[in-house]
J.: 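Below is the structure I would like to discuss, written out as structure tokens.
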Amino acid sequence: MLTNLFDGVAYGMLLFVIACGLSVTLGLMNLINLAHGAFAMAGGYITVVLVNRMGVPFFAALPLAFVLSALLGLVMERTLYVHVYRKSHLEQVMFSIGLVFMAMPAVSFFLGSEQKFITVPAFLDTRYEVFGVSMGAYRLLIILVCGLLAAGLQFIVARTRFGSQLRAAVDDPMVARGLGIRVDAVFATTFAVGSGLAGLGGALGANLLGLDPTFPVKYMVYFLIVVAVGGSAGMTGPLVAAILLGIADVSGKYYLPQFGSFFIYALMIVVLLWRPQGLFARPGGR
Amino acid sequence: MADILSVEHLSAGYGAAIVLGDVSISLPEGQSLALLGRNGMGKTTLLNSIIGVTRRRAGIIRFAGVDITKLRPEQRAHAGIGWVPQERNIFRSLTVEENMTAVARPGKWDIARVYTLFPRLRERRANMGNQLSGGEQQMLAVGRALVLNPRLMLLDEPTEGLAPIIVQELMAALARIVRDEGLSTIIVEQHAQKVLGVTHQAVILERGAVVYAGTSAELQQNDAILEHHLGVTGKKHA
Amino acid sequence: MTAALQTRNLLRRFGGLVATNDVSITLEQGARHALIGPNGAGKTTLINLLTGVLRPTSGTIWLAGEDITRTSRARRVELGLVRTFQINQLFPGFTPLQSVGLAVSRRLGLDRNMFRTIGSDPRVVGECVDVLERFDLIDVMNRPTASLPYGRQRLLEIAIAIACGPRVLLLDEPAAGVPEGERGEIMDGLAALPADVTVLLIEHDMDLVFRFASRISVLVQGALLVEGTAEEVANDPRVREVYLGDDAHG
Amino acid sequence: MSEPTTRAANMAEAARALRQVSRAKPVEILFWLLALASFLFLPDQYLLLNEVAITGLFALSLDLVIGYGGIVSLGHAAFFGFGCYLAGLLTKFGVPDPLMGLAIAAVGTGVLGFVTSFLVLRGSDLTRIMVTISIAVLLGEIANRLPGLTGGADGLQGVAPGLLLGRFEFDIFGQVAYGYSLAVTFVLFLIARRFIFSPFGWSIRAVKQNALRTSSIGIHVNRRLVVAYTLAAAYAGVAGALLAQTTSFVSLDVLAFHRSADLLLILIIGGTGYLYGGLVGALLFKVIQDFLANLTPEYWEFWIGMLLVALVLIGRDRVTGLPAMLIGKFRRA
């Protein structure tokens with residue numbers, strides 16, 4: 001029971017780190033980006049290449065996965081995404097699905113279509129028993145890293161000038177511009193960091209979520225749930241939504257294996273019926 | 001003295017709607033201007049055009065001698081235009097202090113000075129933007145524009161919907177900024193008498209066109225014009 | 001005679017703010033009534049209450065003697081309470097003829113028909129032509145709405161409303177955003193409104209208000225300040241104060 | 001106001017203009033003549049053409065939702081797959097007649113569409129995307145978890161439709177299959193066309209352009225969208241049923257995400273909101289897909305994705321505007 005809870009929390013925090021960038025892009029630019037999972041996949045495969053092929057130590061590969069995914073995100077934002085902000089949601093959906101369709105065969109062309117595992121240091125394979133809760137070291141690491149990241153993000157968004165500018169731009173982009181906030185630069189930065197975090201999450205979660213070229217589609221709805229249920233008003237909503245989702249998914253699959261992911265989708269439909277704007281959306285929000 | 005702002009033959013609106021047609025105004029540096037007119041006559045659109053959030057059809061806007069027509073709103077703000085929007089538009093998920101730190105630029109106006117001007121804001125510094133009263137929101141909107149350290153302030157109906165006591169306090173603060181600091185200012189108002197005593201110049205807009213431009217002192221004495229353009233009779237040839 | 005539209009003690013709160021405060025207003029059949037007031041006086045809230053976008057906190061609305069306080073938006077239109085918008089709300093891809101045709105079809109109860117073509121009923125064609133002629137839109141009736149000059153679009157905004165067959169028409173700033181040169185068309189359009197339709201005009205342009213309206217209500221901070229004939233309102237010291245400032249002759 | 005003669009002229013002109021919109025244009029007649037010609041003269045391509053006709057009908061159904069209703073759906077395969085399984089199961093459980101199967105599939109899927117429309121019509125575009133995806137995934141899960149009924153991951157075996165109209169047997173060359181699919185698609189197209197140009201259809205197009213105004217002329221916006229969504233679901237169900245009957249096989253793939261996504265691409269290629277977009281797009285898509293699959297069997301999706309990205313970035317109007325522009329020049333010349 002508690003072990004499930006523990007696993008669920010680890011899973012949920014991972015989803016949060018991957019998806020948190022998505023909530024900002026939606027809130028700030030009203031952009032529906034279904035290709036966000038592709039950046040997570042990129043981070044996973046970058047780590048596979050670095051660790052398995054080039055022998056880079058796992059812990060050195062993680063920051064690299066972040067940086068390279070962030071760079072990829074920045075380049076994509078400046079060259080491609082920048083052209084679709086003003087387009088309709090339908091076009092944004094088409095555009096981002098197109099990117100997913102390109103990313104999947106590209107990965108299987110260069111790296112093969114089979115599932116990949118990242119070689120992690122041996123000490124991460126052990127399990128600890130604490131008060132009868134069996135905790136895998138790897139999941140503990142995920143909770144630790146993702147917890148630190150969540151706290152760091154919360155700090156940046158809530159305490160720094162950049163965070164204030166970000167929140168101001170989400171609140172009212174037009175007035176923010178009129179008062180001298182460079183909304184486009186704030187957004188590009190956020191997009192890059194969001195992509196980097198997705199990449200880092202993809203690297204950390206590769207062995208847990210299963211890394212193969214179908215990754216962006218397989219988890220698309222999960223990332224969207226975090227955003228739609230969590231809202232885009234801050235970091236807390238998506239974090240809580242992600243952890244709830246993680247716990248629900250893990251326990252659902254454990255206690256009701258015959259239903260598979262049925263449970264989670266049904267739950268989501270119920271939640272969205274109850275609160276169409278998300279569980280944590282502020283009233284009158286976009 | 002050189003003009004801080006000159007608007008020449010500006011025509012602008014939103015989407016297909018044209019609100020301003022061929023408007024020209026100018027303001028010498030260090031002076032203040034009351035922009036008057038009844039509701040819906042284009043005052044806010046003119047202000048929004050100066051900050052750059054409307055659709056311009058024709059004309060140019062010069063700021064401190066430089067053509068800023070092509071600049072984006074944030075570039076105009078950096079050039080030295082401070083804006084107090086009509087709806088105040090306080091960032092609701094930011095605290096009072098963050099509303100200012102997020103936009104502050106170095107200069108003689110810092111947050112401490114704004115707190116001296118509006119002590120009420122200091123008490124409320126940790127409150128979120130959406131927890132303020134109308135008067136506090138207005139003070140914050142003014143303070144937020146001040147910490148941009150602008151050379152020109154644009155104030156859109158700063159007293160609208162406020163209690164008389166708050167209006168007095170606000171107008172006193174504005175008078176200090178305009179008179180003692182010599183900050184160039186444009187104040188949009190529906191109620192002429194509230195601002196004519198504070199400002200140097202006055203312009204009346206009617207249906208998107210300038211129908212009066214002169215000094216505030218002159219206008220204050222001219223009941224006929226006040227009644228004609230700002231009163232309710234609406235008789236064109238009264 | 002029953003009033004065309006009547007409200008009694010209409011009140012709407014948003015949290016602590018009273019946006020509409022105890023408004024009682026009566027529009028006689030065929031009235032030309034204007035509603036004026038400074039920004040933020042609650043004119044938009046009042047329109048939203050009348051059309052059913054918002055529900056009043058308390059108070060009642062009657063349309064031709066029928067209590068419509070709780071009636072749905074679409075039903076109010078069917079009963080004959082129709083509005084225009086301050087910002088054009090048109091069908092950019094339809095022509096004026098098609099836009100008006102849809103409204104006419106709805107009024108004639110043909111809009112649920114799935115298998116007749118829209119122009120197959122001669123009544124629809126006749127009424128479309130009536131409305132388009134009335135507002136001088138015949139020459140552009142087959143052009144896409146999006147390509148029309150703004151003044152014409154404003155007229156179409158009113159034409160669609162008239163095509164709904166209103167008993168009471170709420171006009172929200174019909175002249176807003178219309179360039180000076182095209183204002184004459186709007187004036188003509190207002191003059192062409194059917195005499196039996198009761199009109200409530202919300203407008204800032206006093207020329208238009210005084211030319212059009214026989215009665216004027218002044219709304220200030222959500223409450224009715226004055227109601228009377230154009231003459232009475234123009235000469236009312238309280239109204240002058242609202243429009244000129246605290247001490248108009250200071 | 002105006003002279004009686006001018007009024008009469010205006011009446012005639014208005015009646016003409018209203019009628020003209022819904023009148024069949026020569027190019028439309030040509031389109032269907034070509035379709036008929038393909039049946040008469042392209043026997044080698046029946047299998048591919050059958051798929052084109054079915055996909056075209058399926059895309060037409062999505063066009064009713066997106067192009068006319070303005071609802072962004074990424075799970076339209078739910079209805080296609082539901083109709084597919086329904087028709088497949090009917091042949092196994094005592095209703096071998098194809099047309100009867102089609103009718104039952106249409107009604108059954110329509111009911112599913114009606115029920116789910118209330119989930120879909122709430123909320124924003126994002127919510128709609130998620131709910132539509134989820135409904136498709138849920139159906140996929142159900143089909144996967146009920147192997148006794150659906151054959152699970154192995155697919156539904158032993159689908160054996162009876163004789164069409166009691167006379168024609170589905171042959172292995174696909175002649176009857178294509179003729180059947182084409183005829184059904186044509187009939188449903190005519191119905192859709194009638195529907196779109198009816199006052200009801202106008203009101204649905206009005207909703208997409210401006211929901212606020214539509215409700216302000218007294219039309220219940222949501223009720224209209226429920227009808228459009230239900231009708232579209234029934235159409236998708238028929239398309240799915242056609243696939244099950246003409247290929248005698250149903251697999252989980254009919255509910256897969258890529259089907260919904262491909263369908264959007266088809267509409268983007270063909271254009272939304274003029275009814276032919278789905279049919280034209282389906283043909284182009286199948287041809288492109290066929291070509292790419294021969295070129296790079298495993299990686300054709302990449303090029304499809306690139307096409308999507310390019311279409312959005314360049315703007316479909318500019319791509320399709322080109323032929324229209326050329327035709328215009330040709331006409332003027």
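Residue numbers start from 1 in every chain, and the chains themselves are labelled A, B, ... in the order their sequence lines are given, proteins ahead of strands. Values reported hereafter were calculated over all heavy atoms of this structure, with side chains retained and with hydrogens, waters and symmetry mates removed.
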J.: Is the number of heavy atoms from other residues, nucleotides or ligands under 6.0 Å of B:Arg122 CZ greater than 12?
T.: yes

J.: Mind checking whether A:Arg167 and B:Glu98 have side chains closer than 4.5 Å, heavy atoms only?
T.: yes

J.: Give me the contact list for residues 51-90 of chain B versus chain A, heavy atoms only, anything under 4.5 Å, ordered by residue number.
T.: B:Ile51, B:Val53, B:Pro73, B:Glu74, B:Ala77, B:His78, B:Trp83, B:Pro85, B:Asn89

J.: Looking at every non-hydrogen atom in both residues, tell me the closest pair between A:Ile181 and B:Ala102 and how far apart they are.
T.: CG1-O, 4.1 Å

J.: Quick one: pull up CG in B:Leu94 and CG in A:Asp172 and give me the separation to the nearest 0.5 Å.
T.: 11.5 Å

J.: Measuring heavy-atom distances to chain B, does A:Ala158 have an atom under 4.5 Å in its side chain, in its backbone, in both, or in neither?
T.: backbone

J.: Just distance, no hydrogens or angles: give the donor-acceptor pairs under 3.5 Å from side chains in residues 8-21 of chain A, sequence neighbours left out.
T.:
| from | atom 1 | to | atom 2 | distance (Å) |
| --- | --- | --- | --- | --- |
| A:Tyr11 | OH | A:Asp249 | OD2 | 3.2 |

J.: Distance-only, no hydrogens or angles: does the A:Arg161 side chain make a donor-acceptor pair with backbone N or O of B:Thr101 under 3.5 Å?
T.: yes

J.: Return the CE to OG distance between B:Met100 and A:Ser164, rounded to the nearest 0.5 Å.
T.: 11.5 Å

J.: Within the 4.5 Å heavy-atom criterion, are B:Phe91 and A:Val175 side-chain neighbours or not?
T.: yes

